[in-house]
Amino acid sequence: LSSFEVDVPQADLGGIGVKNLELRYLHSNDSLHGAVTVELGPVGDIGGSVDFIHGHFNGATLNYSAGDGPGIDLGGPLQIYLTELGGGFTVEPPVIEAHGEITGGPQTLGCALLGIHAEVVVHFEPEFALDANGTGSLLCQSVASETFHLDAGGHIGLGAFIHIHFLVFALEGGFDFEAETEHGHF
């Protein structure tokens, strides 16, 4: 057996909606991958995956998505919703990843008034590196982005940019800072 693959795009298992069901085995690298997403109705869905290589656990992910719904109401006087949250890790190579998104304000034309999406990825080999990125949106249009990088080689990067486009004008600007502490450069 050189490989085995099962993909089920959509299924109803005893009243529970399941989508993106995957099961893959590859003999070439002796790997097994499984993934599934469970539909939670108007609240969204939860998905996850698990990976094995040579019979040993190598990683997993878990993700929540609001889908077409507004998300999970975080309460308070403002309309703020959690629309995405997830993360995962791998053993070889060792990597940890996390991401999330919140939206705020009333829904307008199917879009939230404001949104913030962020992600963090940490690599431990071949050398340590941390990357954090975020984007801000206004009516589902990206209007700002932020980046941060740090690694074991002494490289530090930081950037923030704004890009707002209206019918008759645009506003753009930002900064990008990089330093290599090992060489004393900024």
Side-chain angles (χ1 to χ4, degrees), residues 1-74 80-103 107 110-112 115-137 140-142 145-153 155 157 159:
L1 181 68
S2 63
S3 68
F4 176 79
E5 185 171 335
V6 174
D7 284 312
V8 180
Q10 188 92 19
D12 185 14
L13 303 175
I16 298 173
V18 174
K19 62 183 181 180
N20 303 327
L21 177 64
E22 302 173 4
L23 184 60
R24 289 191 177 87
Y25 169 74
L26 294 174
H27 179 71
S28 61
N29 65 351
D30 193 23
S31 66
L32 179 65
H33 168 79
V36 67
T37 300
V38 177
E39 297 175 324
L40 303 174
V43 177
D45 53 53
I46 293 179
S49 68
V50 64
D51 291 286
F52 293 87
I53 295 180
H54 303 298
H56 300 285
F57 176 77
N58 193 53
T61 64
L62 185 63
N63 297 292
Y64 162 76
S65 172
D68 293 332
I72 299 171
D73 188 348
L74 298 179
I80 299 176
Y81 298 92
L82 177 67
T83 57
E84 181 183 309
L85 183 64
F89 65 95
T90 58
V91 176
E92 190 60 41
V95 176
I96 298 173
E97 177 267 336
H99 57 92
E101 181 175 78
I102 59 171
T103 61
Q107 293 282 321
C111 289
I116 298 172
H117 182 271
E119 65 182 18
V120 175
V121 180
V122 181
H123 296 265
F124 295 95
E125 290 179 2
E127 70 175 26
F128 175 83
L130 182 144
D131 290 292
N133 300 295
T135 57
S137 61
C140 295
Q141 300 298 310
S142 176
S145 59
E146 300 79 29
T147 61
F148 176 76
H149 174 84
L150 173 69
D151 64 39
H155 181 257

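Atom NE2 of His123 is separated from atom CD of Glu97 by 9.5 Å, given to the nearest 0.5 angstrom. Note that CD1 of Ile116 is 4.5 Å distant from CD1 of Ile102, once rounded to the nearest 0.5 Å.
In terms of heavy-atom proximity, Gly55 sits nearest to Asp30 at N-OD2, 4.1 Å. Contact detail for Gly87 and Asn63: the closest heavy-atom pair is N-OD1, 3.6 Å. Pairing each heavy atom of Ser31 with each of Ile53, the nearest pair is CB-CG1, 4.2 Å. Shown here for Phe148 and Asn133, the closest heavy-atom pair between the two residues is N-OD1, 4.3 Å.
With contacts defined as side-chain heavy-atom distances shorter than 4.5 Å, the pair Val38/Ile16 qualifies. Leu32 has its side chain within reach of Leu23: a pair of non-hydrogen atoms, C-beta onward, lies under 4.5 Å apart. Under the 4.5 Å side-chain criterion, counting only non-hydrogen atoms from C-beta, Glu127 is in contact with Asp151. Between Leu62 and Ile46 there is a side-chain heavy-atom pair separated by less than 4.5 Å. Taking the side chain as every heavy atom from C-beta outward, Thr103 and Ile80 never approach each other to under 4.5 Å. Val120 has its side chain out of reach of Asp131: every pair of non-hydrogen atoms, C-beta onward, lies at least 4.5 Å apart. Counting only heavy atoms from C-beta outward, the side chains of Asp45 and Lys19 approach each other to under 4.5 Å.
In this view, Glu84 and His99, His117 satisfy the side-chain hydrogen bond (donor to acceptor under 3.5 Å, both in side chains) rule, not counting sequence neighbours. For His33, the side chain to side chain contact (heavy atoms under 4.5 Å, CB included) criterion is met by Glu22, Arg24, Ala35, Ser49, Asp51, not counting sequence neighbours.
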| message | I'd like to know whether Phe4 forms a side chain to side chain contact (heavy atoms under 4.5 Å, CB included) with Leu26, so could you lay out the CA-CA distance, the side-chain angles of the two residues, the decisive distance to 0.1 Å, and finally the verdict. | response | CA-CA 7 Å; Phe4 176 79; Leu26 294 174; over 6 Å; no
| Could you walk me through whether Val95 and Val121 pass the side chain to side chain contact (heavy atoms under 4.5 Å, CB included) check? | CA-CA 7 Å; Val95 176; Val121 180; 3.9 Å; yes
| request: List the steps, then state whether side chain to side chain contact (heavy atoms under 4.5 Å, CB included) holds for Gln10 with Glu39. | output: CA-CA 10 Å; Gln10 188 92 19; Glu39 297 175 324; 3.2 Å; yes
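For residues 46-65, the pairs satisfying ring-ring contact (aromatic ring centres under 6.0 Å, His included) are Phe52-Phe57, Phe57-Phe89, with sequence neighbours left out.
For the pair Thr90 (side chain) and Glu92 (backbone), a donor-acceptor distance under 3.5 Å is absent.
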